[in-house]
2 protein chains.
Amino acid sequence: MTVSKTAEKSSEKPADPAKGRKDAAEPQAEALQLGELSEQLGYVLKRAQLKVFENFLRCMASLQLTPAQFSVLLLVEKNPGRNQTEIASTLGILRPNFVAMLDNLESRDLCARIRSTNDRRSHILVLTDKGKAVLARAKKLVATKHEARLNDLLGQANREALIGMLSKIANEF
Amino acid sequence: MTVSKTAEKSSEKPADPAKGRKDAAEPQAEALQLGELSEQLGYVLKRAQLKVFENFLRCMASLQLTPAQFSVLLLVEKNPGRNQTEIASTLGILRPNFVAMLDNLESRDLCARIRSTNDRRSHILVLTDKGKAVLARAKKLVATKHEARLNDLLGQANREALIGMLSKIANEF
DNA sequence: CGATATTTGATATGGTCCATAACAATTATC
DNA sequence: GATAATTGTTATGGACCATATCAAATATCG
């Protein structure tokens, strides 16, 4: 009863005051003031990103795909025949860190490494049939349960504006 | 010459083809297609967040403040007299992980832990004079070099709309 | 009052992600 | 053909995050 298991921070007990302690010397003392923090771009961005990833993982629980894994599958599907270095660098993943990721996806038979005939150093990446099927299901889950949630929250126009602004920041900041 | 030192991913060498190898069998093969990835909320959010944090660190290089440290100073200034648990949980930091953070800030004489007289278990947090001064300078740097950059990029109205939407996501997603 | 439970700060520890160095195999360059 | 560069890989360390556990202090309740 100490804490729950995972991914549960606050919103447990507001430690409700006015319970009848010694006296009524401190009637207030409750929620903290965020102040300028709520206007800080980085703060709000990080918080939003954590929430979005959290929701993504919940939506993908049945397929056991992380955001990073999903992005790899998407990119390999869109660019079949590329090697590890190309896929990894496009996603901002360093080659050494990409190895374990691919080991995982390959062990689950979602994608495959194929030795290139042109350059026998490199591994060509392709999706397996299972990988394609899983990705198709993943896309539906993301569209239905994840991205749709944005429309409910912001509306179609705002959602597109948000994506556009974030892209601009990601590319030009 | 293997790679640069830090924070330099791609945009190094497109490995320009058409250089004259064996034959001219593969004339294309260049930039990868992002495809649906550029429309994925989580992907764009994460990319934007990384860029913003990167820029934040550059702006704060002279003060050696990370986004997390800045947020702690801001929150302690706005809510003096709160204890570690309150400050940490408000920022989504787990108490165990907050200890080292405070050790750092306290060793730099930016904030101080004071044993509470009401509850001798808890440590009241306050900013030192140096902490207040550093935070004041940090605020100016953030406003001048960091947040201002958003206005240049998006414009005042869009910047406010973006912050608003991100807050909404952070709170209601 | 006194026994038990809870809270607070702290330590230890493990997991994940990120970054660098270094290596063997292969290819490019000269 | 000798040297340099590239590709995938391993090893490794750091930063961040999460849980269990502890001692001190406090709260709760018989």
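First the proteins, then the strands, lettered A, B, ... as listed; each starts at 1.
The side-chain hydrogen bond (donor to acceptor under 3.5 Å, both in side chains) search around N158(A) returns none, not counting sequence neighbours. Scored by the side-chain hydrogen bond (donor to acceptor under 3.5 Å, both in side chains) test, D119(B) finds R121(B) as partners (sequence neighbours excluded). Qualifying side-chain hydrogen bond (donor to acceptor under 3.5 Å, both in side chains) partners for R47(A), counting only residues two or more places apart in sequence or in other chains: Y43(A). Every side-chain contact (heavy atoms from CB on, under 4.5 Å) that E172(B) has, sequence neighbours left out, goes to L153(A), K168(B).
Environment of CD in Q64(A): sparse, with no more than 12 heavy atoms of neighbouring residues, nucleotides or ligands closer than 6.0 Å.
Note on K46(A): a side-chain N or O is less than 4.0 Å away from OP1 or OP2 of dC17(D). Residue T85(B) places at least one side-chain N or O closer than 4.0 Å to OP1 or OP2 of dG9(C). Taking only side-chain nitrogens and oxygens, R121(B) never comes nearer than 4.0 Å to OP1 or OP2 of dT7(C).
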Side chains of residues 136-143 of chain A: which donor-acceptor pairs under 3.5 Å do they make with residues two or more places apart or in other chains?
{"residue": "K139(A)", "atom": "NZ", "partner": "E77(A)", "partner atom": "OE1", "Å": "2.8"}
{"residue": "K139(A)", "atom": "NZ", "partner": "E36(B)", "partner atom": "OE2", "Å": "2.7"}

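Put simply, CG on N118(A) is 15 Å from C1' on dA28(C), counting in whole angstrom units. Atom CG of L102(A) and atom P of dT7(D) are 15 Å apart (whole Å). We find that CD of Q84(A) is positioned 17 Å from P of dT6(D), with the value rounded to whole Å. Here the P atom of nucleotide dT8(C) and the CG atom of D119(B) are 7 Å apart, to the nearest Å. Rounded to whole angstrom, the span from the CD1 atom of I87(A) across to the C1' atom of dG8(D) amounts to 15 Å. Residue N83(B) contributes atom CG, which lies 10 Å from atom C1' of dT7(C) at whole-angstrom precision. Rounded to whole Å, the distance from CD1 on I114(A) to P on dG8(D) is 13 Å. Rounded to an integer number of Å, the gap from E106(A) CD to dG8(D) P is 12 Å.
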Mark up nucleotides 11-16 of chain C, 5' to 3', with B wherever a protein heavy atom is under 4.0 angstrom from a base atom, S wherever such an atom reaches only the sugar-phosphate, and - elsewhere.
-> BB----
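Heavy-atom nearest nucleotides on DNA chain C were determined for R115(A) and for T66(A), and the one closer to the 5' end corresponds to T66(A). Nearest-nucleotide mapping onto DNA chain D: of E86(A) and I93(B), the residue sitting toward the 5' end is E86(A).
For Q84(A) and R113(A), the side-chain atoms include at least one donor-acceptor pair closer than 3.5 Å.
Comparing dT9(D), dG8(D), dT8(C) by their nearest atom to the side chain of R113(A) picks out dT9(D). Of the candidates dG8(D), dT8(C), dA19(C), the closest approach to any side-chain atom of L94(A) belongs to dA19(C).
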